[in-house]
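See below for the structure under consideration.
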There are 2 protein chains.
Amino acid sequence: MSRVRCLQCNQTENIRKAGIIRGKQRFYCKTCSYHFTEDKIEKVKNIGPNVTDKQVSLSDIANASGFSIATVSRALNEKSDISVKTRELIKVLAEKMNYQPNLLAKSFVKQSTKTLGVIIPSLDTTIFSTMLSGIQEMAASSGYRIIICTSNEMYEQESANIQALMNNMIDGLLICHSIQTNSFEHLSIHVNKRIPIVQFYRVALGLSISQVLASDERGALEVTEYLIKKGCRKIAVLLGPKEFSLSQSRLKGYKIALKKHEINFDERLLTYVDFGQESVYKSVDYWLTYFPDVDAIISISDKSAAQIITKLKSINIKVPNQIRVVGFGNEFVGEILDPKLTTFDTQTKMIGKEASRLILDQISSGKREIKKLVIPGKLIVRDSA
Amino acid sequence: MSRVRCLQCNQTENIRKAGIIRGKQRFYCKTCSYHFTEDKIEKVKNIGPNVTDKQVSLSDIANASGFSIATVSRALNEKSDISVKTRELIKVLAEKMNYQPNLLAKSFVKQSTKTLGVIIPSLDTTIFSTMLSGIQEMAASSGYRIIICTSNEMYEQESANIQALMNNMIDGLLICHSIQTNSFEHLSIHVNKRIPIVQFYRVALGLSISQVLASDERGALEVTEYLIKKGCRKIAVLLGPKEFSLSQSRLKGYKIALKKHEINFDERLLTYVDFGQESVYKSVDYWLTYFPDVDAIISISDKSAAQIITKLKSINIKVPNQIRVVGFGNEFVGEILDPKLTTFDTQTKMIGKEASRLILDQISSGKREIKKLVIPGKLIVRDSA
DNA sequence: ATGAAAGCGCTAACAA
DNA sequence: TTGTTAGCGCTTTCAT
């Protein structure tokens with residue numbers, strides 16, 4: 001059996017040799033129809049697990065200094081009830097012996113890891129990694145690390161991750177639910193535990209857990225009003241999956257704006273997509289076929305907005321002249337689009353930051369003050385609307 | 001003193017009230033000149049730290065069942081030397097008592113956390129979060145979690161993070177160096193420790209540490225040759241910071257291609273940027289001023305390529321007719337650019353995956369086989385070149 | 001100011 | 001098959 005592993009599908013089965021290219025063996029993976037070369041895998045040397053020497057522990061320093069373990073611990077932790085002389089002596093010795101505290105032992109006795117757990121649906125979506133960045137920044141500024149788990153939008157994985165993390169691995173949990181998640185017992189059973197929890201971005205209603213949300217409703221309202229003021233009357237909306245609280249909030253804001261300006265709400269102007277390019281393109285086709293007089297499109301994300309504009313341009317519809325397009329999220333892609341994208345900045349990073357701050361507050365205070373925070377966003381007017 | 005905190009700069013000083021808007025108090029932060037409202041901060045209730053009840057431990061189950069702690073441990077860990085009857089009995093009891101193992105204690109006695117440490121320069125750059133995604137996927141498939149630290153491109157932070165993580169917090173370390181990092185003692189001192197290390201993307205030469213790299217040299221060579229075949233003779237290159245091994249590798253590939261096709265290398269066609277839009281725009285201005293006959297630009301990243309194209313369009317230079325542009329990385333932005341971006345796909349996610357695989361192999365085998373892996377990429381031909 | 005000793009929850013070697 | 005015991009490295013209480 002071939003020991004070569006496909007670089008694409010990661011299997012060792014069904015690999016065939018496929019000629020030599022530039023002096024290197026080329027392979028073909030039948031499973032995923034992928035050609036590749038083993039391009040420069042150099043095995044330099046094979047040193048054994050020759051761990052140099054054992055980590056020095058408090059007891060080693062105790063032995064070397066003649067003091068007890070307790071005293072050494074006190075000296076190294078800057079406790080007050082110790083003579084300056086002893087403390088300095090021990091610190092110098094520890095330095096010389098290259099002492100490194102075993103954080104695992106420390107965490108164990110304190111039952112605290114100085115680590116936050118974060119569960120997000122995916123790392124491939126800008127919006128999540130941006131929130132993650134905010135979380136990380138805030139956490140780091142308080143000396144906390146973060147441990148990341150992804151649910152891949154699946155309930156099972158989300159649930160398993162919660163369980164694992166809550167078993168003393170972390171001091172606090174930040175969670176953004178998967179699409180699949182629509183029951184919340186896996187979370188609610190942890191509500192009264194030592195470890196605090198904060199939900200962000202996609203949250204469950206009715207749980208006694210702090211939350212940090214984007215201003216979806218208000219955002220949709222502002223965006224819609226802006227378009228109405230520009231003269232639009234037939235405003236289509238591209239939403240995410242129907243069950244999404246996010247879709248519902250945005251829809252609500254949209255409806256309020258319409259009502260306020262006495263425009264009839266037409267359900268048929270809404271489409272619900274799964275974020276794939278396919279479904280976005282389909283939506284555009286659908287609108288143009290059944291509602292050729294559509295004069296604006298509000299998109300669930302900047303990425304989808306970009307796809308919408310690309311699609312419209314490909315069939316020679318002018319943006320914003322014929323159809324105005326607005327996105328959500330203020331991602332980089334909006335800046336380089338042609339025309340530049342008008343978008344509602346949901347302050348994604350701030351959501352992460354605030355969620356992080358909320359949980360750090362709970363950890364340091366020991367209080368379980370339940371807060372619901374809505375991060376205000378703002379409309380970024382550019383050229384597409 | 002005001003207790004309101006600025007949503008932008010995160011301070012409580014210098015906050016002024018600034019009128020009422022839609023029934024909500026509006027504020028102004030003098031420090032960072034930012035207006036905001038406290039938009040819907042609801043304090044729902046303030047429950048104390050009423051931890052329901054202590055976590056049940058092995059000893060609780062031992063007491064309840066009449067068996068010893070050791071037997072309970074064996075039963076719950078599916079060890080063989082235990083009667084089926086006892087095992088089932090204990091498992092049922094544990095379930096009933098809602099036992100959850102204390103992972104921290106487990107990690108402590110095993111000195112293994114089933115966690116990989118990852119140090120990356122930033123979470124705000126697509127390329128890093130994409131690699132992270134690859135790392136995470138591979139790790140999760142082997143039951144490992146990942147703990148993320150960012151260096152923010154600073155040596156100090158990188159060094160501190162290495163130190164913290166290597167103190168028994170993790171089973172393996174994956175590191176992508178910061179720009180600032182140009183000495184590597186902070187890493188080399190850990191080479192012979194129990195915890196294996198793998199460098200990826202930005203690596204140090206001369207250390208006995210496994211590495212996973214993008215095929216920068218080959219990529220630049222392919223890209224350059226492609227442009228030459230299209231008839232380009234005056235090919236400018238936008239590089240990252242000069243000290244970057246990445247910049248050097250790409251430069252090398254570029255030079256080889258020129259030499260092969262007997263085109264003179266002109267150092268003045270190179271610019272070195274810091275990834276900011278400013279420096280990219282400046283580069284374009286520079287080329288157009290001093291080398292108006294430039295017929296192609298190779299960019300360090302797709303993001304910069306996008307900025308280059310935006311800039312060229314703004315001064316009515318046609319891409320690819322007058323100047324061809326090629327990016328690196330195959331990011332989403334390239335697909336929606338107009339014209340669509342020709343780019344070299346460095347297989348960013350694969351780099352993460354392979355780095356992760358490498359370290360998992362080292363962990364499970366206990367071997368320290370030092371490998372250098374170059375992940376092959378491929379040219380994606382679209383419209384910009 | 002310092003030391004002795006208990007204990008955190010679990011695993012594993014050894015004994016029975 | 002089951003129990004006893006030591007111990008992982010550290011913190012902390014209680015003596016001295």
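So you know, we letter chains A, B, ... as the sequences are listed, proteins then strands, and number each from 1. All figures in this text were calculated on a predicted structure; none of them were measured in a lab.
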If you compare every side-chain N and O of Y99(A) against the phosphate oxygens of dC10(D) (OP1, OP2), does one of them come in below 4.0 Å? yes
CZ (R145(A)) and NZ (K114(A)) are apart, to the nearest 0.5 Å, by 9.0 Å
Please report the distance, rounded to the nearest Å, between CG in L58(A) and P in dC10(D). 4 Å
Between H186(A) and Y155(A), ring centroids under 6.0 Å: yes
Step by step, work out the side chain to side chain donor-acceptor pair (under 3.5 Å) result for D60(A) and Q55(A). CA-CA 9 Å; D60(A) 294 325; Q55(A) 233 185 312; over 6 Å; no
How many whole angstroms separate atom CZ of F67(B) from atom P of dG3(D)? 6 Å
Give the rounded distance in Å between these two atoms: CD1 of I90(B) and C1' of dC10(C). 15 Å
Please determine whether a side-chain nitrogen or oxygen atom of N77(B) lies at a distance below 4.0 Å from atom OP1 or OP2 of dT11(C). yes
Are any non-hydrogen side-chain atoms of F67(A) and T86(A) less than 4.5 angstrom apart? yes
Report the distance from atom CZ of F108(A) to atom P of dT11(D), rounded to the nearest whole Å. 13 Å
Where each residue is assigned the nucleotide of DNA chain D containing its nearest heavy atom, which of A105(B) and T86(B) is assigned the position nearer the 5′ end? T86(B)
Hey, what are the protein-to-nucleotides 12-16 of chain C N/O distances that come in under 3.5 Å?
residue, atom, partner, partner atom, Å
dA12(C), OP2, K79(B), NZ, 3.4

Under 4.0 Å: is that the gap between some side-chain N or O of T71(A) and OP1 or OP2 of dT2(C)? no
Would you say a side-chain N or O of S57(A) is under 4.0 Å from OP1 or OP2 of dC8(D)? no
To the nearest 10 degrees, the angle between the two end axes of the helix from dA1(C)-dT16(D) to dA16(C)-dT1(D) (five pairs per end) comes to 40°
If you measure from CD on Q136(A) to NZ on K349(A), what distance do you get to the nearest 0.5 Å? 9.0 Å
Let me confirm one number: the CG-CD1 distance from N161(B) to I175(B), rounded to the nearest 0.5 Å. 8.5 Å
Round to the nearest Å and state the distance from Q100(A) atom CD to dC10(D) atom P. 11 Å
Inspect the contact between E153(A) and R202(A) and indicate whether a charged nitrogen and a carboxylate oxygen are less than 4.0 angstrom apart. yes
Which nucleotide, dT2(D), dA1(C), dG9(D), lies nearest any side-chain atom of N102(A)? dG9(D)
Rounded to the nearest 0.5 Å, what separates atom CE in M131(A) from atom CD1 in I351(A)? 6.0 Å
Would you compute the distance between atom CD1 of I370(B) and atom OG of S210(B) and round it to the nearest 0.5 angstrom? 6.0 Å
